[in-house]
Amino acid sequence: MKEKRIYNFNAGPACLPLPVLEEIQASFLNFNGSGMSITEISHRSKWFDDVINDAIARTKRLLKLDDTYHVLFLQGGASMQFCMIPMNFLADGRTADYVNTGTWSTKAIKEAEILGKKINVVASSEDRNFSYIPKNIQFNSDATFVHITSNNTIKGTQWASFPDTKGVPIISDMSSDIMSRPLDVKKFGMIYAGAQKNIGPAGVCMVIIRDDMLKLIPKNLPAMLKYTTHSDKNSMYNTPPCFGIYTIQLVMKWLEETIGGLENMEKFNQKKAALLYDFMNGSDFYKATADPDSQSLMNVTFRLPTEALEKEFIKQSIENDFGGLKGHRSVGGCRASIYNATPEGAVDALVDFMKTFEKKNG
Ligand SMILES: *Cc1c(COP(=O)(O)O)cnc(C)c1O
């Protein structure tokens, strides 16, 4: 049994800011003088209304969203969005462009195909095991949207900047990098993110959707699978994931009041990622797997000289209180997920550990 908290490099669910966890703990038995836990309060109460509305207001301020954007909190994870997007936006005669940059994009594409929708995969980095973000993509001007995955959690790549789609709205899966940097939101018709990587616990998916996208939605969809059902009811058509929304509210408060906004968050994330990438650039022992211009600031994927050394590295890392450094089971190798909440000290400690391991085994 651990006596204290470890250095948490989990890919998701992942570490949350310590002050957020402490505030949850402090208010857990008696939320805001209600005499109840946030997990025991009606979602129709004033207490919860204040929570969800503050979470939305803070999200809008942080991302500089105007009133044409709606912030929703849905269930079913980011994976549910893979089918909801084509169901809602690709009525008969419509097509969409998809860019395939890894495991999650592939799943999104598959769901659209299962539904029999007409989509074009306009670019893919599968030829080199998704180790880069494709460039100079030709998009179709008649596409209803362009779907991308802004950060590829498993392969360790990230769009450094977003493509020029000539006015076609982008829909981005930002599960693993939402709120990690400022955005030019005008390019996006929709942004979605399972909360459990960067902004909260599992069980809630943040969906940011623009008015013009809502107009594309056919009437004959099941209520729960239709965005307008949720936008009409402020995400309270049915019982929302209350605890998750509350945690998101606190994370947004931390981003605004402690970090000081997304420009600061981005600088902090760049600094943390540079500690790892710069160290590996100077080492013949560790090798980052993604192309330099496509490397993720959130998920740093790397290999050691042999699989046996990787196994030993993971084993010793656990003994030294580092968690989550094993690469995804589908790709092997190692991965350090360094989301917004990862303290710089944890990354410093990891680099020290890597240096020591190299000295003994290199
Ligand atoms: C984790 C992840 C998902 C899946 O999220 P769920 O909430 O588990 O459905 C989808 N896309 C990306 C980019 C992810 O990192």
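Indexing begins at 1, ligand by ligand and atom by atom, following the structure's order. All values below were derived from every heavy atom in this structure, side-chain atoms included, with hydrogens, water molecules and symmetry-related copies excluded. One-based numbering along the sequence shown.
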Inset, instruction - Fit a plane to each ring of Phe89 and Tyr227, take the angle between them on a 0 to 90° scale, and name the class: parallel (under 30°), tilted (30 to 60°) or perpendicular (over 60°). - result: parallel
Legend entry - All side-chain hydrogen bond (donor to acceptor under 3.5 Å, both in side chains) counterparts of Ser79, not counting sequence neighbours: none
Inset, instruction - Check which hydrophobic residues are tied to Tyr132 through side-chain heavy-atom contacts below 4.5 Å, counting indirect links as well, and list them. - result: none
Inset, instruction - Check each protein residue for a heavy atom under 4.0 Å from ligand 1 and list those that pass, ordered by chain and number. - result: Gly77, Ala78, Ser79, Phe82, Trp104, Thr149, Asn151, Thr153, Asp173, Ser175, Ser176, Gln196, Lys197
Inset, instruction - Apply side-chain hydrogen bond (donor to acceptor under 3.5 Å, both in side chains) to Lys64 and list each qualifying residue two or more places apart in sequence or on a separate chain. - result: none
Legend entry - Distance-only polar pair, side chains of Asp177 and Gln158, donor-acceptor under 3.5 Å: yes
Inset, instruction - Could you tell me whether His147 and Tyr98 have their ring centroids closer than 6.0 angstrom? - result: yes
